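As the structure is a computational prediction, the values presented were derived from the model and not from experiment.
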Amino acid sequence: MVQVQAWLRDHGLKLAAEKTELLLLTRSHIPLEVPLQVCGYAKSTQRSAKYLGLQLDCRLNYWAQIQHAAKKASRATASLARLMANIGGPTQSKRRKRWVEKREGRVSTLREARQHTIQQWQERWRTATTGRWTFRLIPNVKSWTERGHGEVNYYLTQLLSGYGYFRKYLFRAGKTEGCGCIYGDADVDDAEHTFFRCQKWNEHRRTAENIMGPIEPENIVEKMLERKESWDAVTTFAGNVLLEKKRDLDVTILEERRMAQIEAQHQ
């Protein structure tokens, strides 16, 4: 919003903040109602907003527009039904019953289509050659997508993807001089080593395990999905570990660069 306000100011424009609606467009599982300051007004992002006659939602799947149109059509139909004479036709209650039956039939069709999509997704996920670390953690697509709790944040994403503050990943990106753990207990520092093996994080690991029991790559997500307390415990565990590890990694990377510069000067 700071950049938007600066652009408007530079071009001699002014934003009517009191009339402004904010929409966060994302497909990630993150909070969708975020408080913001807009030109001195306290605003919050919404789950849907009207734009050029359309109800846009944060997922851009147009479900809000469908619901809006369906409600308008339902109200119009009900109004017309009360105005029109009912001569020899079904009563209003019977018409309502038939409408409900048709609606339930559409819902059933949508449910079957979704189930078929999930099955296809599961098979592609099972046979894929990439994302195998994430597959170890989340082998079942349906249980993950239909979970009843839990938002994925910046640190939890690193645990689930294997991309982040891990020297194996940073080495491939050309950011470090090696793949080994900076705490000296493994030749390869990846997500599995950091969260499940590294002795440096035993205390943080035990704190999470006191809430959810022993954790391994094959059971950690299953336990997270069972209870919100377990999800929150892993979220806290990942955040605590990666915050501290990033500070140590930054120091290591700076030292590696300094040593590389010294060696270059002596060549």
Side-chain angles (χ1 to χ4, degrees), residues 28-30 125-141 143-144 147 150-227 229-267:
S28 301
H29 290 279
I30 60 174
W125 183 227
R126 185 185 66 81
T127 57
T129 58
T130 57
R132 295 301 83 189
W133 166 247
T134 306
F135 179 78
R136 284 183 66 188
L137 302 175
I138 312 174
N140 191 305
V141 170
S143 63
W144 178 260
R147 67 183 187 274
E151 298 290 344
V152 177
N153 65 14
Y154 176 63
Y155 301 109
L156 198 53
T157 297
Q158 295 187 52
L159 187 159
L160 296 173
S161 67
Y163 299 148
Y165 303 145
F166 316 113
R167 292 198 81 200
K168 179 181 178 181
Y169 169 73
L170 295 174
F171 179 72
R172 290 205 309 267
K175 303 295 184 181
T176 66
E177 298 298 321
C179 297
C181 176
I182 60 175
Y183 306 111
D185 61 352
D187 294 332
V188 176
D189 172 41
D190 55 12
E192 179 174 4
H193 171 72
T194 296
F195 293 110
F196 298 94
R197 310 288 175 243
C198 187
Q199 301 300 308
K200 171 72 174 177
W201 314 117
N202 281 348
E203 183 177 347
H204 291 307
R205 197 176 298 115
R206 278 194 296 268
T207 300
E209 290 181 331
N210 287 338
I211 296 173
M212 56 194 302
I215 54 175
E216 289 291 337
E218 287 71 24
N219 71 3
I220 187 169
V221 169
E222 180 182 354
K223 289 176 177 287
M224 290 167 62
L225 298 179
E226 289 175 355
R227 297 187 304 145
E229 292 79 6
S230 298
W231 183 287
D232 293 341
V234 174
T235 301
T236 301
F237 169 49
N240 289 338
V241 168
L242 292 177
L243 276 171
E244 187 173 341
K245 185 180 182 184
K246 183 182 185 301
R247 290 194 293 266
D248 296 341
L249 267 174
D250 288 343
V251 172
T252 300
I253 291 173
L254 287 174
E255 181 62 19
E256 288 177 345
R257 290 176 179 173
R258 188 181 70 83
M259 295 300 297
Q261 290 175 353
I262 292 174
E263 290 179 2
Q265 290 173 358
H266 287 82
Q267 288 179 355

Practice item. Run the numbers on F195 and L242 for side-chain contact (heavy atoms from CB on, under 4.5 Å), then give the verdict. Key: CA-CA 9 Å; F195 293 110; L242 292 177; 3.9 Å; yes
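Looking only at distances, no side-chain donor or acceptor of R258 sits under 3.5 Å from a matching main-chain atom of E256. At distances below 3.5 Å, at least one donor-acceptor pair connects side-chain atoms of R205 with backbone N or O atoms of C198. The backbone N or O of W144 lies less than 3.5 Å from a partner atom in the side chain of R147, making a donor-acceptor pair.
Residue pairs satisfying the salt bridge (Lys or Arg N to Asp or Glu O under 4.0 Å) criterion with at least one member in residues 180-191, sequence neighbours excluded, are listed as follows: D189-K245. Sorted by first then second residue, the salt bridge (Lys or Arg N to Asp or Glu O under 4.0 Å) pairs that include residues 191-203, not counting sequence neighbours, are R136-E192, E192-R197, R197-E216, K200-E244.
Under a 4.0 Å N-O distance rule, the pair R206/E209 does not qualify as a salt bridge.
A heavy-atom distance below 4.5 Å is not found between the side chains of L249 and F166. Between T134 and W125, some side-chain heavy-atom pair lies under the 4.5 Å cut-off. Residues N140 and V221 form no side-chain contact, since every pair of their non-hydrogen atoms from C-beta on lies 4.5 Å or further apart. Side-chain contact between K223 and V234 is absent, with no heavy atoms from C-beta onward closer than 4.5 Å. Within the 4.5 Å cutoff, side-chain heavy atoms of L160 are placed close to those of I138. Taking the side chain as every heavy atom from C-beta outward, T194 and W201 approach each other to under 4.5 Å.
Around atom CZ of R257, no more than 12 heavy atoms belonging to other residues, nucleotides or ligands sit under 6.0 Å away.
For Y165, the side chain to side chain donor-acceptor pair (under 3.5 Å) partners two or more places apart in sequence, or in a different chain, are Y154.
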